[in-house]
Number of protein chains: 2
Amino acid sequence: MENIRALFQVMTRRFGFLNKNCCGVSGYEISLTQSHILYEIDHQHQPSIQQVAETLGIDITTFSRQVQSLVKMNLVKKTPSVEDRRVMVLSLTTEGKYVATAVDKMMNSFLDEVFSYMTDFEKETVLRSIQLLNSCMAKSKMCCNPVGD
Amino acid sequence: MENIRALFQVMTRRFGFLNKNCCGVSGYEISLTQSHILYEIDHQHQPSIQQVAETLGIDITTFSRQVQSLVKMNLVKKTPSVEDRRVMVLSLTTEGKYVATAVDKMMNSFLDEVFSYMTDFEKETVLRSIQLLNSCMAKSKMCCNPVGD
DNA sequence: ACATATACTTGCAAAATGCAAATAAGAGAG
DNA sequence: CTCTCTTATTTGCATTTTGCAAGTATATGT
């Protein structure tokens, strides 16, 4: 069996390119980091600045400024939390939701093409494998988490 | 089945953290990009600046400077090619090879821990799945490649 | 020999990064 | 209620990274 890390390295690089290639959709052009941020805000439930920064492993001061850019681009909205006014709740604007959805569709359609080279059974196996892998990575304490927490 | 992109997004983020967490080994501290560069130089056969830059999808001018840093750190050696003196052949110094190997060992030991949460059969299935995935991504023309080539 | 193409480097300005410090607001002790 | 401590976010600032445009050096073709 080939070096395990090598397998991961190739896969994640390819997926990284896919992500990168889907940063320009329907007239919008965002950075890779911004794409990740939109994705996370879309998937978390009323997340705070800190929560998203931690999920992405981005320094909070850098992240704060990234959010400012996205607000200026009218893709993200910052709302002071009602329970705790120190906290900023992040959400996507209509425009931001549109972009996030467009990116998601583009990526999934590229991924569909990739999976078209497999049988349905293989596809199922691969997807189940990734799910299993994700759950095992989640179990690991030493590995696969951002530093400094 | 959960959104396919979501599965990949989680997996690659976690592997990214793993990569990041293995950037400090036995007294050396390198950046994530530098780690990727060392890895590629180690795996390709006498690669040129251009080849590695293209593999990693890094702009060649940025890459040229990254290599300069690594040369200063005495991890990488640049040798003018004998056949074509415009070309710089990249190789790891003894020190660079040592660092690359240390990173690799650290990553593989963390990955071993992740796989310890699976049965041997599951592990085999997962690894085979990733191999299959990589080969299908390689087949795809539209997806998973760096832009601008 | 001269024009053209290729591999790499450098100048420069813009963007991203992260530490230290500031600001603002909740929480607990008395 | 006030003082102190903690927490969430922002800002100042210096450093690093990035990528386009242009430059240098070498190869290739006519």
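Below, read A as the first sequence line, B as the second, and so on, with proteins coming before strands; counting in each chain starts at 1.
- At a cut-off of 3.5 angstrom, counting only N and O atoms as typed in the model, there is a donor on one side and an acceptor on the other between the side-chain of A/Thr61 and the base of C/dC19.
- A close approach under 4.0 Å does occur between a side-chain nitrogen or oxygen of B/Gln68 and OP1 or OP2 of C/dT10.
- Put simply, the side chain of B/Cys144 reaches to within 4.5 Å of the side chain of A/Val114, judged on heavy atoms.
- Side-chain contact between B/Gln68 and B/Lys78: present, with at least one pair of heavy atoms (C-beta onward) separated by less than 4.5 Å.
- Every pair passing ring pair (Phe, Tyr, Trp, His ring centres under 6.0 Å) that includes a residue from residues 33-80 of chain B is listed here, sequence neighbours excluded: B/Tyr39-B/His43.
- Considering only side-chain atoms of B/Ser64, the nucleotide from D/dT10, C/dC8, C/dT9 that sits closest is C/dT9.
- Between B/Ile58 atom CD1 and D/dT16 atom C1' the separation is 15 Å, expressed in whole Å.
- Side chains of B/Leu133 and B/Phe8 form a contact here, defined as non-hydrogen atoms less than 4.5 Å apart.
- Rounding to whole angstrom units, CG of residue A/Asp84 and C1' of D/dT6 are separated by 11 Å.
- On a pure distance criterion of 3.5 Å, a polar donor-acceptor pair joins the side chain of B/Arg86 and the base of C/dT6.
- If you measure from atom CZ of B/Arg85 to atom C1' of D/dT24, you get 14 Å, rounded to the nearest angstrom.
- In this structure, A/Asp59 and B/Ile60 both approach DNA chain C, and ranking their closest nucleotides by distance from the 5' end singles out B/Ile60.
- A close approach under 4.0 Å does not occur between any side-chain nitrogen or oxygen of B/Arg65 and OP1 or OP2 of D/dT17.
- With distances taken from any side-chain atom of B/Thr62 to the nucleotides D/dT18, C/dA16, C/dG26, the minimum falls on D/dT18.
- As a whole-Å value, the separation of A/Leu32 CG from C/dA15 C1' is 15 Å.
- Two different hydrophobic clusters hold B/Val126 and B/Tyr117 under the rule that ILVMFWY side chains link at heavy-atom gaps under 4.5 Å.
- One can place CE of A/Met88 at 16 Å from P of C/dT23, the figure rounded to the nearest angstrom.
- Atom pair A/His36:NE2 and C/dA16:P shows a separation of 14 Å (rounding to whole Å applied).
- Residue B/Val87 is the one, among B/Val87 and A/Ser69, whose nearest nucleotide of DNA chain C lies closer to the 5' end (criterion: closest heavy atom).
- Between A/Glu83 atom CD and C/dA24 atom P there is a gap of 22 Å when expressed in whole angstrom units.
- Protein atom CG of A/Leu56 is 15 Å distant from nucleotide atom P of C/dA16, rounded to whole Å.
- Ionic pairing of B/Glu40 and A/Arg13 is present here: one or more N-O contacts between side-chain nitrogen and carboxylate oxygen are shorter than 4.0 angstrom.
- Listed pair B/Lys78 / C/dC8 fails the phosphate criterion, with no side-chain N or O lying under 4.0 Å from OP1 or OP2.
- Side chain of A/Ile49, nearest nucleotide from D/dA8, D/dT10, D/dC20: D/dT10.
- Within the 4.0 Å cut-off from OP1 or OP2 of C/dT17, at least one side-chain nitrogen or oxygen of A/Gln66 is found.
- Contacts of B/Ser31 with the nucleic acid, taken as non-hydrogen atoms under 4.0 Å apart, are absent.
- Distance from the side chain of A/Gln50 is smallest for D/dA8 among the nucleotides D/dA8, D/dG19, C/dC8.
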